[in-house]
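Some notes on the structure that comes next.
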Amino acid sequence: MTTPAPAPAGAGAWTLEPLRADHGPALLDFERRNRAYFARTVPDRGDAYFTDFAARHHALLAEQDTGLSRFHLLVTREGAVAGRVNLVDIEDAGAELGYRIGESAAGRGLATAAVAEICRIAQHTYGLTRLTAVTTLDNPGSLTVLRRNGFTQVEDMTLDGRPGIRHERPLTPAD
């Protein structure tokens, strides 16, 4: 099955939708299509992730229902899943941001726009006041997305055996 490439970032080109039960098949397809692409910069999810996907998806929805995490899909106007943007470990008005943009959408400004939107949602919908994010030094695209969205480096670290950086961003009323 061929999925159309998403439109460039911009008003009306995509929506950031909270994860729902009916997203399961499209999300699994997205993860399968992009598995090798993601493995170039982040640890592979492993075969069990795909084998047990239905249970994993159900568990994510249950976790989201508790308020400990907020999972979102980046969906193009054509209905294709172009990425994921998640807020996890929500506590004390903060959360860790994580995102994955599919290969066909990379380099179009979609990640930058989606992270800007989740920052707005995190503050205005979820009442958060700060976000953190980590990435490896060998992922320049992710570093650029974070910096374009006002994240600043707070700590050097090792992430899955690779040099990385932890970033933070306060969410202020002006956001």
Side-chain angles (χ1 to χ4, degrees), residues 6 14-35 38-39 41-76 79-102 105 110-136 139 142 145-146 149-155 157-160 164-175:
W14 52 269
T15 58
L16 202 53
E17 299 180 4
L19 186 65
R20 302 184 312 258
D22 66 322
H23 282 137
L27 179 54
L28 178 57
D29 179 60
F30 168 80
E31 289 289 348
R32 283 182 173 146
R33 280 184 291 109
N34 289 286
R35 185 176 184 182
F38 292 145
T41 55
V42 295
D44 184 63
R45 294 188 184 276
D47 292 339
Y49 175 86
F50 298 94
T51 303
D52 301 328
F53 183 82
R56 172 77 177 139
H57 187 65
H58 180 73
L60 290 178
L61 292 169
E63 182 178 331
Q64 182 167 262
D65 287 345
T66 70
L68 294 175
S69 296
R70 299 291 182 185
F71 305 106
H72 303 81
L73 294 187
L74 185 63
V75 180
T76 69
V81 174
R84 304 176 73 157
V85 184
N86 302 319
L87 301 171
V88 299
D89 299 331
I90 297 173
E91 65 180 344
D92 299 326
E96 183 173 328
L97 166 69
Y99 53 92
R100 292 175 166 233
I101 303 300
L110 212 50
T112 298
V115 169
E117 178 66 4
I118 200 66
C119 288
R120 187 191 68 73
I121 291 169
Q123 180 184 12
H124 297 289
T125 302
Y126 304 137
L128 302 180
T129 60
R130 65 183 160 34
L131 297 178
T132 62
V134 298
T135 191
T136 56
N139 191 345
S142 189
V145 166
L146 292 173
N149 277 289
F151 284 81
T152 56
Q153 179 177 344
V154 294
E155 177 184 25
M157 58 182 296
T158 301
L159 185 63
D160 296 310
I165 300 173
R166 185 165 94 57
H167 296 81
E168 286 186 0
R169 177 183 171 185
L171 301 174
T172 62
D175 290 333

**OP:** Search all heavy atoms of Arg100 against all heavy atoms of Phe30 and return the closest pair with its distance.
**Re:** O-CZ, 4.0 Å
Original post:
Which heavy atom in Ala113 sits nearest to a heavy atom in Trp14, and how many Å separate them?
Top reply: CB-CZ2, 3.6 Å
Subject >> Main-chain N/O of Asp92 paired to Arg130 side chain as donor or acceptor, under 3.5 Å >> reply: yes
**OP:** Check Gly150 against Arg169 and note the closest heavy-atom contact, atom names and distance.
**Re:** O-CG, 3.8 Å
**OP:** Could you tell me how the ring of Tyr49 sits relative to the ring of Phe53: parallel (under 30°), tilted (30 to 60°) or perpendicular (over 60°)?
**Re:** perpendicular
Original post:
Rounded to the nearest 0.5 Å, how far apart are OG1 of Thr112 and CD of Glu117?
Top reply: 13.5 Å
Original post:
What closest approach, in Å, do Tyr99 and Ser142 show between heavy atoms, and which atom pair accounts for it?
Top reply: OH-OG, 2.8 Å
Original post:
What's the verdict on side-chain contact (heavy atoms from CB on, under 4.5 Å) for Arg35 and Asp47, showing C-alpha distance, side-chain angles and the deciding distance?
Top reply: CA-CA 10 Å; Arg35 185 176 184 182; Asp47 292 339; 2.9 Å; yes
**OP:** Report yes if some heavy atom in the side chain of Ile101 is under 4.5 Å from a heavy atom in the side chain of Leu74; otherwise report no.
**Re:** yes
Subject >> side chain to side chain contact (heavy atoms under 4.5 Å, CB included) partners of Asn86, counting only residues at least two apart >> reply: Phe71, Arg84, Val88
**OP:** Indicate the atoms forming the closest heavy-atom contact of Leu87 with Ala95, along with that distance.
**Re:** CB-CB, 4.1 Å
Original post:
So, Glu63 side chain and Leu68 main chain: donor-acceptor pair closer than 3.5 Å or not?
Top reply: no
Subject >> OG1 on Thr15 to NE2 on His72, rounded to 0.5 Å >> reply: 11.0 Å
Original post:
What distance separates Ile118 CD1 from Gln123 CD, expressed to the nearest 0.5 Å?
Top reply: 12.5 Å
**OP:** Hey, could you give me the CG/CD1 distance between Leu159 and Ile165, rounded to the nearest 0.5 Å?
**Re:** 11.0 Å
Original post:
So do the side chains of Leu97 and Leu146 get within less than 4.5 Å of each other, counting heavy atoms only?
Top reply: yes
Subject >> Phe38 vs Arg45 side-chain heavy atoms within contact, under 4.5 Å >> reply: no
Subject >> Approximate separation, where rounding is to 0.5 Å, of Asp29 CG and Asn34 CG >> reply: 9.0 Å
**OP:** Using atom types as modelled and distance alone, determine if a side-chain donor or acceptor of Arg70 lies under 3.5 Å from a backbone N or O of Tyr126.
**Re:** no
Original post:
Would a 4.5 Å heavy-atom cut-off, applied to side chains only, mark Phe151 and Val115 as touching?
Top reply: yes
Subject >> Leu19 backbone acceptor or donor facing Gln64 side chain under 3.5 Å >> reply: yes
Subject >> From Ile90 atom CD1 to Thr66 atom OG1, the distance as rounded to the nearest 0.5 Å >> reply: 8.5 Å
Original post:
If every non-hydrogen atom of Phe50 is compared with every non-hydrogen atom of Leu28, which pair is closest and at what distance?
Top reply: CD2-CD1, 3.9 Å
Original post:
With a 4.5 Å heavy-atom cut-off, do Ser69 and Leu60 have their side chains touching?
Top reply: no
Original post:
Can you check whether Arg20's main-chain N or O pairs, donor with acceptor, with His23's side chain at less than 3.5 Å?
Top reply: yes
